[in-house]
Amino acid sequence: MTLFKELNLDQQILRAVEQMGFTEATPIQEKVIPFVKEGKDLIGQAQTGTGKTAAFGIPLLENIDTEEKVTQGLVLAPTRELANQVAEELNKLGRFKGIEALPIYGGQEIGRQIKALKRRPQIIVATPGRFMDHMRRKTIRPQTLKMIVLDEADEMLSMGFIEDIETILAEVPKERQTLLFSATMPKRLQSVTKNFMKDPEVVAIKSKGLTVSSIEQRYIEVPEKQKLDTLRYLLDIDPPELSIIFGRTKRRVDELSEALSQVGYAVEGIHGDLRQERRDKVLRKFKKGTINILVATDVAARGLDVTGVTHVYNFDLPQDSESYVHRIGRTGRAGEKGVAFTFVTPREMEHLKDIEATTKSKMKRQSLPTYAEAMAGRYQQAIDQLRETVRKGGYEDLDEAAKGLLDEYGAETLVAAALKMATKEPDDKNIKLTEEASLRPKKSSFRGKSGNNKGNKGRGRNNKFSFDKQGRKGGRDRKARR
DNA sequence: AAAAAAC
């Protein structure tokens, strides 16, 4: 165990770190900080929730020359939310050194961004698309950059940003420091490290599997039609303080959040089709605890750092094991405990086994929660609520009414009725989700007259002309491979 | 096949 005090940090940075409440460095911070301070290129292979941002952020800030009024550092991130979050943390860490980290991403008014860029922030945290846009407009001059960080590089790869990243890397000075962080190291990423990094140090934080042990992983085999009830039962039996529910499509997220809010849960949905303002607002409400349930597509799976998420629900099984790892990694952060439930339809059981195999972890099977258990949970919540109300006091003006009611009904009846009143509505509302979100196409799905289905039967996964990770066929890239 | 990301 290493203390930040022992890491030879700049006084101003150390002060910020301590003010943020950190005294001990996490394993990845302990290893990464010295290398980066020396100016070395580095590949960091670490799972989420390990303190990665500070691991590259602290030395990045240290290496910034505040005398020079130019942009010196660039962090590229896969999603807008992540860019925002990283910038926020860098601003906190760099506060006393007087460093500004500016988030730059799409969906924001470009004029305002250009104005902000004129302040010459020392660090830019960007999503690739908008950064490229600024490069073309010459509102960002990549020539002044000295340090580049590729955060969640495997995600940027699987989202198809890899060519953008290569374009950007080709534009920045050769004399620079490049850091790459990634949970996994697919081949295509290795070629980036080979072409654009100089003799990088590799720092891997060892762990048995890809998942964090503080997360309890369970799965429930549940038919598509019973998913919504099952979810509601789970939420009532073991109410989460803060939870994220992942759905497979944007439409699905809309429907699910609508359905849950109709039956009284404090919930909002978030996905990429919402306007950026809306996305930011929902996230703020979730972080503040105004809502305790966030229904999301995989937009929220990556890097999103909200402390105190106690439960993650995979309402729909994730597409691949990487998505699974990222999703459940939203809980159990910073060593806290978390539970991840995964819903699996009977026909998806095989896919679940694949995920277990790749992540080298075992999910515990759990049987379907029952209506009776859910009701017991709802009553328990009502009891807690009543206790809390008694504890808080401030109901003296009801004394007279209380006396009258007592004469009329007697104590037991009244308390029971009060509890009943505070109990969440039972399932009288008939809410349904229109979309089925099973991974394999439905048998009945009408595919036109190609008749290909027959010919493909039984081959599936073993087909050697399969797609690569990005889902592209070989040779169809815009640029030829080098 | 879906999601994310630039206008």
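So you know, we letter chains A, B, ... as the sequences are listed, proteins then strands, and number each from 1. A quick note: this is a predicted structure, and the numbers were derived from the prediction, not measured.
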(request) Would you kindly give the NE2-to-C1' distance between A:His326 and B:dA4, to the nearest whole Å? (result) 13 Å

(request) Verify the ring-centre separation between A:Phe56 and A:Phe181: is it less than 6.0 angstrom? (result) yes

(message) Which nucleotide wins on minimum distance to the side chain of A:Arg248, given the candidates B:dA3, B:dA5, B:dA2?
(response) B:dA2

(request) Would you kindly give the CG-to-C1' distance between A:Leu82 and B:dA3, to the nearest whole Å? (result) 16 Å

(request) Grab the CD1-C1' distance between A:Ile114 and B:dA6 for me, whole Å please. (result) 13 Å

(request) Determine: side-chain N/O of A:Arg80 to OP1/OP2 of B:dA3, distance under 4.0 Å, yes or no. (result) no

Atom pairs and distances, donor-acceptor, side-chain atoms in residues 112-123 of chain A, under 3.5 Å, two or more places apart:
residue: A:Gln113; atom: OE1; partner: A:Arg130; partner atom: NH1; Å: 2.8
residue: A:Gln113; atom: OE1; partner: A:His134; partner atom: NE2; Å: 2.8
residue: A:Gln113; atom: NE2; partner: A:Tyr105; partner atom: O; Å: 2.9
residue: A:Gln113; atom: NE2; partner: A:Gln108; partner atom: OE1; Å: 2.5
residue: A:Arg119; atom: NE; partner: A:Glu100; partner atom: OE1; Å: 3.4
residue: A:Arg119; atom: NH2; partner: A:Glu100; partner atom: OE2; Å: 2.6
residue: A:Gln122; atom: OE1; partner: A:Glu100; partner atom: N; Å: 2.9

(message) Tell me whether the side-chain N/O atoms of A:Ser323 come closer than 4.0 Å to OP1 or OP2 in B:dA3.
(response) no

(request) Can you sort out which residues in residues 117-129 of chain A have a heavy atom within less than 4.0 Å of DNA chain B? Ascending by number, please. (result) A:Thr127, A:Gly129

(message) Let's see if you get this right: which residues in residues 269-278 of chain A place a heavy atom under 4.0 Å from DNA chain B?
(response) A:His271, A:Gly272

(request) Whole angstrom is fine here: how far is it from CG in A:Asp320 over to C1' in B:dA4? (result) 13 Å

(message) Side chains of A:Leu74 and A:Ile168, heavy atoms from C-beta outward: is any pair under 4.5 Å?
(response) yes

(request) State the CD-CD1 distance between A:Gln190 and A:Ile43, to the nearest 0.5 angstrom. (result) 8.5 Å

(request) Starting from P on B:dA2, measure out to CD on A:Gln319 and report it in whole angstrom. (result) 9 Å

(message) Do the side chains of A:Glu255 and A:Arg251 get close enough for a salt bridge, i.e. N-O under 4.0 angstrom?
(response) yes

(request) Tell me, with the steps shown, if A:Asp316 and A:Lys227 meet salt bridge (charged side-chain N to carboxylate O under 4.0 Å, His left out). (result) CA-CA 9 Å; A:Asp316 299 316; A:Lys227 277 186 176 178; 2.9 Å; yes

(request) Calculate the interatomic distance between A:Met132 atom CE and B:dA6 atom P; express it in whole Å. (result) 11 Å

(message) Which heavy atom of A:Pro240 sits nearest to which heavy atom of A:Asn292, and what is that distance?
(response) O-ND2, 3.2 Å

(message) Strictly below 4.0 Å, N to O, side chains only: are A:Glu68 and A:Lys146 in salt-bridge contact?
(response) yes

(message) Under the side chain to side chain donor-acceptor pair (under 3.5 Å) test against A:Ser191, which residue among A:Arg188, A:Lys194, A:Lys187 passes?
(response) A:Arg188

(request) Answer with yes or no whether A:Arg136 presents, from its side chain, a donor or acceptor under 3.5 Å of a partner atom in the base of B:dA6. (result) yes

